[in-house]
Amino acid sequence: MEINSINAAVLAKMFLNGAKNLESKKEWINELNVFPVPDGDTGTNMSMTILSAAKEVSAIENPDMASIAKAMSSGSLRGARGNSGVILSQLFRGFAKVIGKEQEVTVPVLSAAVQKAVETAYKAVMKPKEGTILTVARGAADKAAQMAEETDDLVFFLDAVIKEAERVLKKTPDMLPVLKQAGVVDSGGQGLVVILQGAYDALLGKELDTSVPLDAQEKTGVTKITKEAEAEITFGYCTEFIIVLNHPLSEQQEHKYKSFLESIGDSIVVVADDEIVKTHVHTNDPGLAIQEALTHGSLSRIKIDNMREEHQERLIKDAQKVAAMQAEEAAQREEERKEIGFIAVSAGEGLSEVFRGLGADYMIEGGQTMNPSTEDILNAVEKVAADHVFVLPNNKNIILAANQAAALSEEKQVHVIPTKTIPQGITALINFIPEQSAEENEARMVEEIENVKTGQVTYAVRDTVIDDKEIRQDDYMGIGDKTILAVGQDLEQVTLAMAESMIDDDSAIVSIYYGEDVTEDAANAIAEKIQSGRDELEVEVQYGGQPIYYYLISVE
């Protein structure tokens, strides 16, 4: 069987089949995880991301390449959930940029689209880590470039590309020590392979195979994308603005503009359409970024923050205020528009009440068990009647989606505080000072959340070994900010051991948030034992109501 070109209808069928294949295998991907916690979500995040795009693709009555490309890109961008979902959406965004300009897909077109997909995804991640979905995608792209020189047959081409993706996936444990130790591969990469396999089957006219491979169940594990270490501040000024374009940027102009920004800083985010370009860059010379931007049009909403100072003055005022100071409906009543509002991601009735009590305007239900999408966050931003909206993701796997939402927001200035845990989010709100500017508050919050240690107690869903700790199914685990701190079969003992490893001579406050499966008496008993012999330490207990995690403990 030889196929030399694909029309829009066939491409749509391949995309939808890839989405169905991932959806059918998402639970398998969720269950296989380096940390054997009961909330593995890589498969769910990737599936919901691609299904958001699939919904738009399937709604097109008479598809052409341009309409399919737009649906793939916009649907996945807004539906992106978690780190793996955001990266997947960026792969589709780059892929769509190429195929949207074509009438049919051939081997050269498909090869170019895959190259663009990988280029776009790598640019979206501040510090790309090898051994993840990005590595698998790049391996596929490299093979695509090679095969484009050898064949015009799309069947032969795709078969070789997918086999190379599978080969690279099996090598991911050699690239990330945590994968090697657990003897597993990366789940994001596995999800990408599943999508490619589904698309390939559609090209061949095969029925979708929804079964999970037995050899994969027995031998191959997968893991969520691991946390990326934050860089030291080498570029002192966080610079943001919108360019109102004189003319739409060509792809070459956009690439040149991004390259210039990369030459003067890092943390680059550039989101462009035909009328505006939203820009974010960390640099030591904001003037250079502004001068370059002015060559493409006029500027609005300029914001420059000195990230090295806790108490800073606003260096440059916004070039344009939000046009209308109008009332918005929030919590089913009209509110007066204010300067600063807050959105917090939370799971648990008690935790949500804590956030509301500290001034959060809108709660997004989610977190460990369900990562909200980019669109969920954008919708929440619209419901907060404020010019500046602070988003507290409270989970490392939600930060990328929050940043993507901030880049897409047009009417309001969105500030993402990179809170990785619920206690960090609480600390950020506690440090808010209404009399100070949004920029001053952002700087303070970002600094203060680094002073919080977080521990979380849950149970293991399978046997594994992590950091030389042998873990058995149903064991209790105390998980710290970077690794597992305690393991055992007694919940109280594991919780106390975890807390003890977090407390040192500088500790002043310990906060215990107990979950829906824990009694207040049990939480108070743990608090008393932590307090014993430590008169200088303040220990407080609050109901969190969170699922899956028996205790969340913060130490400051």
Side-chain angles (χ1 to χ4, degrees), residues 30 33-42 82-83 178 223-224 226-227 344-352 354-355 365-371 392-399 418-428 449-462 464 466-467 469 471 473-503 507 509-519 522-523 526-527 530 539-556:
N30 284 342
N33 189 9
V34 165
F35 276 14
V37 294
D39 63 352
D41 52 11
T42 301
N83 292 348
V178 66
T223 182
K224 294 184 286 187
T226 59
K227 176 175 64 177
V345 180
S346 174
E349 178 185 351
L351 294 174
S352 294
V354 171
F355 279 113
E365 293 298 320
Q368 290 293 93
T369 54
M370 175 58 71
N371 297 151
L392 306 173
N394 301 331
N395 187 298
K396 69 182 188 302
N397 206 34
I398 301 175
I399 294 174
T419 52
K420 299 182 178 69
T421 64
I422 289 288
Q424 284 190 345
I426 291 171
T427 294
I449 63 175
E450 295 302 317
N451 297 324
V452 183
K453 300 176 185 176
T454 301
Q456 306 175 83
V457 182
T458 186
Y459 63 93
V461 295
R462 62 177 173 84
T464 190
I466 298 176
D467 291 339
K469 289 183 174 66
I471 302 168
Q473 183 175 340
D474 296 327
D475 277 355
Y476 296 107
M477 300 183 298
I479 305 173
D481 291 316
K482 296 181 179 179
T483 188
I484 293 179
L485 301 176
V487 177
Q489 297 181 349
D490 184 280
L491 177 58
E492 182 179 275
Q493 290 179 4
V494 168
T495 305
L496 288 170
M498 179 189 75
E500 291 294 334
S501 69
M502 296 165 61
I503 298 170
S507 301
I509 302 174
V510 175
S511 299
I512 302 172
Y513 304 92
Y514 62 95
E516 63 181 6
D517 296 322
V518 176
T519 66
I526 287 176
I530 292 175
V539 182
E540 56 183 32
V541 176
Q542 296 192 59
Y543 173 63
Q546 69 273 7
I548 297 178
Y549 288 79
Y550 301 103
Y551 293 100
L552 301 180
I553 296 181
S554 68
V555 177
E556 300 178 65

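Taken from NZ in Lys453 to NZ in Lys482, the straight-line distance is 10.5 Å, to the nearest 0.5 Å. Rounding to the nearest 0.5 Å places CD of Gln424 at 5.5 Å from OG1 of Thr454. To the nearest 0.5 angstrom, Lys396 atom NZ is 8.0 Å from Asn83 atom CG. Between atom CG of residue Asn395 and atom CG of residue Asn371 there is a gap of 5.5 Å, rounded to the nearest 0.5 Å. Atom CD1 of Ile426 and atom CG of Asn394 lie 8.0 Å apart (nearest 0.5 Å). Between the CE atom in Met477 and the CE atom in Met498 there is a gap of 11.5 Å [rounded to 0.5 Å].
Scanning all heavy atoms of the two residues, the minimum distance from Val494 to Val487 falls at CG2-C, 3.8 Å. Among all heavy-atom pairs drawn from Thr495 and Leu491, the shortest one is OG1-O, 2.8 Å. Between Pro393 and Val345 the shortest heavy-atom distance is O-CB, 3.3 Å. Scanning both residues, Val555 and Ser507, for their nearest heavy atoms gives CG1-OG, 3.3 Å. Heavy-atom minimum distance, Val452 versus Ser554: CG1-CB, 4.1 Å. The two residues Ile449 and Pro418 make their nearest non-hydrogen contact at CD1-O, 3.8 Å.
Of the listed residues (Val457, Ile422, Thr458), just one forms a side-chain contact (heavy atoms from CB on, under 4.5 Å) with Tyr549, and that residue is Thr458.
Dense packing is recorded around CD of Gln473, with more than 12 heavy atoms of other residues, nucleotides or ligands lying under 6.0 Å away.
Ring centers of Tyr543 and Tyr514: under 6.0 Å apart, within the cut-off.
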- Audit row: Gln489, Asp475, side-chain contact (heavy atoms from CB on, under 4.5 Å) steps and yes/no: CA-CA 5 Å; Gln489 297 181 349; Asp475 277 355; 3.5 Å; yes

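In this structure, the side chains of Pro423 and Glu556 stay at 4.5 Å or more apart for every pair of heavy atoms.
Partners of Glu492 according to the side-chain hydrogen bond (donor to acceptor under 3.5 Å, both in side chains) rule, which considers only residues two or more places apart in sequence or in another chain, are Lys529. Glu540 pairs by the side chain to side chain contact (heavy atoms under 4.5 Å, CB included) definition with Ser511, Glu538, Gln542, not counting sequence neighbours. The salt bridge (charged side-chain N to carboxylate O under 4.0 Å, His left out) check on Glu500 picks up Arg534, with sequence neighbours excluded.
Classified by interplanar angle (parallel below 30°, tilted 30° to 60°, perpendicular above 60°), the ring pair Tyr550/Tyr459 is tilted.
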